[in-house]
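One structure is given below, encoded as C-alpha cells.
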Protein chains: 2
Amino acid sequence: MTAAQRRAQAKEEYDAFLAECPSRQLLDRISDKWVTLVLAALSGEGDPRPLRYSELSRTLAGVSQKMLTQTLRSLERDGLLTRTVTPSVPVTVTYELTELGLSLHRLMGLLKAWAEEHMDEVLAHREAYDAAAGRG
Amino acid sequence: MTAAQRRAQAKEEYDAFLAECPSRQLLDRISDKWVTLVLAALSGEGDPRPLRYSELSRTLAGVSQKMLTQTLRSLERDGLLTRTVTPSVPVTVTYELTELGLSLHRLMGLLKAWAEEHMDEVLAHREAYDAAAGRG
DNA sequence: CAGGATCCCGCTAGATACTG
DNA sequence: CAGTATCTAGCGGGATCCTG
C-alpha cells in the first residue's frame with residue numbers, strides 16, 4: 001500500500017499548496033456568484049455609491065437573504081467593503097466599497113474585457129466540438 | 001402568492017442573465033480548480049510545451065484521473081488546447097495550448113499579479129476581523 | 001428594515017474498479 | 001498508457017420561518 005500512501009500524501013501536499021496560493025485564493029473569492037454582482041452594484045458603473053441592504057437586495061434580483069448577508073459579511077471581513085449602521089428607527093445599514101474593493105472591481109474590468117473579446121470564440125469552438133461529436 | 005411568484009420569476013430572469021453574461025462564463029471556466037493548473041503546466045512558465053497525459057497527471061500531483069480527463073476534455077471543447085493522438089503501441093496522447101489558451105493564461109498572469117499585490121492585505125483584514133469578533 | 005436559525009436537496013468531486 | 005464506468009459522501013446554496 002506504499003503507492004497508495006504516496007498518492008495520498010502527494011494529494012495532501014498539493015491541496016495545501018492550492019490552499020496557500022494567493023491567486024487560488026483570489027479565484028475562490030471572485031468566482032463566487034454574488035461577489036461580482038455586489039461589487040458591480042456598489043461600484044455604480046464608475047460612480048461608486050453606498051447602498052442599503054434592501055437596495056442591494058432589489059438590485060441583485062434573484063439573491064436570497066442568506067446569500068446576500070453571507071456575501072456582504074465575507075466581503076466586509078476581507079476589507080473590500082465597509083458596513084455602517086445608523087441607529088435610526090428602523091435601523092439603517094449601508095454598504096460601501098473600500099479602496100481595496102474598488103481595486104478588485106477594476107480587476108474585474110480586465111476580466112470583462114477579455115471575456116467580451118474572446119468568449120464568443122470560445123463558444124464557437126464549443127458548438128463546433130459538440131456538432132462534431134454529434135456526427136462522430 | 002403573487003409576491004412569491006414575482007420573486008421566482010425575478011430569480012429565473014437573473015439566473016438567465018448570469019448564464020448569458022460573458023464575464024460570468026469566463027469566471028466559471030477559470031475558477032475551476034484544475035483548469036488554472038493545467039494551463040500553467042502546459043504554458044511551461046513562458047515556454048509552452050506539449051505534455052502527455054501521464055506527464056500532466058504527475059505534474060498536477062493530487063488530481064484524480066476523472067478530474068484530469070474531464071478538465072482536458074472541457075478545455076479542448078472550448079478550443080483552449082488541442083489533443084493529439086499518436087497511434088503507437090502503446091498509444092501516445094499529447095496536449096498543447098492553442099493561441100486562445102495562451103491568451104487565457106496571460107490573463108491569469110494579471111490575476112496572479114493582483115493577488116500577489118493585494119491578497120496579503122485582504123488576509124490581514126480577515127485576521128483583524130476575526131480577532132475583533134473573538135473579543136466582541 | 002436587516003438579518004439569524006434551520007432544514008433540506010442537488011450537484012459534484014473523488015475513490016475504486018475495470019478496459020482497449 | 002490513457003482513459004471509462006459507477007457509487008457515494010459532503011457541502012454549497014436555496015426556501016422557510018422567526019426576531020429586535
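Source: prediction; values computed, not measured. The chains referred to below are lettered A, B, ... by the order of the sequence lines, with proteins before strands, and numbering in each begins at 1.
Not a single donor-acceptor pair under 3.5 Å links the side chain of A/Thr69 to the backbone N or O of A/Lys66. In this structure, the side chain of B/Ser43 does not engage the main chain of B/Pro48 through any donor-acceptor pair within 3.5 Å.
Contact annotation: B/Arg73 reaches the phosphate of D/dT4 (side-chain N/O to OP1 or OP2, under 4.0 Å). Residue A/Arg52 places no side-chain N or O under 4.0 Å from the OP1 or OP2 atom of C/dC1. At D/dA15, none of the side-chain N or O atoms of A/Ser64 fall inside 4.0 Å of OP1 or OP2 (strictly under the cut-off).
Atom pair A/Leu68:CG and C/dG3:C1' shows a separation of 10 Å (rounding to whole Å applied). Rounded to a whole Å, the CG atom of A/Asp28 is 13 Å from the P atom of C/dA13. A straight line from CZ of B/Arg83 to C1' of D/dG3 spans 8 Å, rounded to a whole angstrom. Here D/dC11 presents its C1' atom at 14 Å from CG of A/Asp32, a figure rounded to the nearest Å. Between the OH atom of B/Tyr95 and the C1' atom of D/dA2 there is a distance of 7 Å, rounded to whole Å. Regarding A/Gln65, its CD atom lies at a distance of 14 Å from the P atom of D/dC18, rounded to whole Å. Regarding B/Lys33, its NZ atom lies at a distance of 8 Å from the C1' atom of C/dA13, rounded to whole Å. Residue B/Leu60 contributes atom CG, which lies 12 Å from atom P of C/dG14 at whole-angstrom precision.
Checking D/dA15, C/dC1, C/dG3 against the side-chain heavy atoms of A/Thr69 singles out C/dG3 as nearest. Checking D/dA2, C/dG14, D/dT4 against every side-chain atom of B/Val93, the shortest atom distance belongs to D/dA2. If you check C/dA2, D/dG14, C/dG14 against the side chain of A/Met67, the one that comes closest is D/dG14.
A salt bridge is defined here as a Lys NZ or Arg NE, NH1 or NH2 lying under 4.0 Å from an Asp or Glu carboxylate O, and B/Arg24 with B/Asp15 fails to meet this definition.
Both A/Pro90 and A/Trp34 sit near DNA chain D, but only A/Trp34 has its closest nucleotide nearer the 5' end. Checking A/Asp15 against A/Glu55, the closest nucleotide of DNA chain C that is more toward the 5' end is the one next to A/Glu55.
The base of C/dA13 is paired with the side chain of B/Lys66 by a donor and an acceptor separated by under 3.5 Å.
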Q.
Does B/Arg126 form a salt bridge (charged side-chain N to carboxylate O under 4.0 Å, His left out) with B/Asp130? I'd like the steps, not just the answer.
A. CA-CA 6 Å; B/Arg126 196 177 291 186; B/Asp130 291 348; over 6 Å; no

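Looking at every heavy atom in both residues, A/Tyr14 comes nearest to B/Ala61 through CD1-CB, 3.3 Å.
Using a 4.0 Å heavy-atom criterion, one finds that B/Gln70 contacts the sugar-phosphate atoms exclusively.
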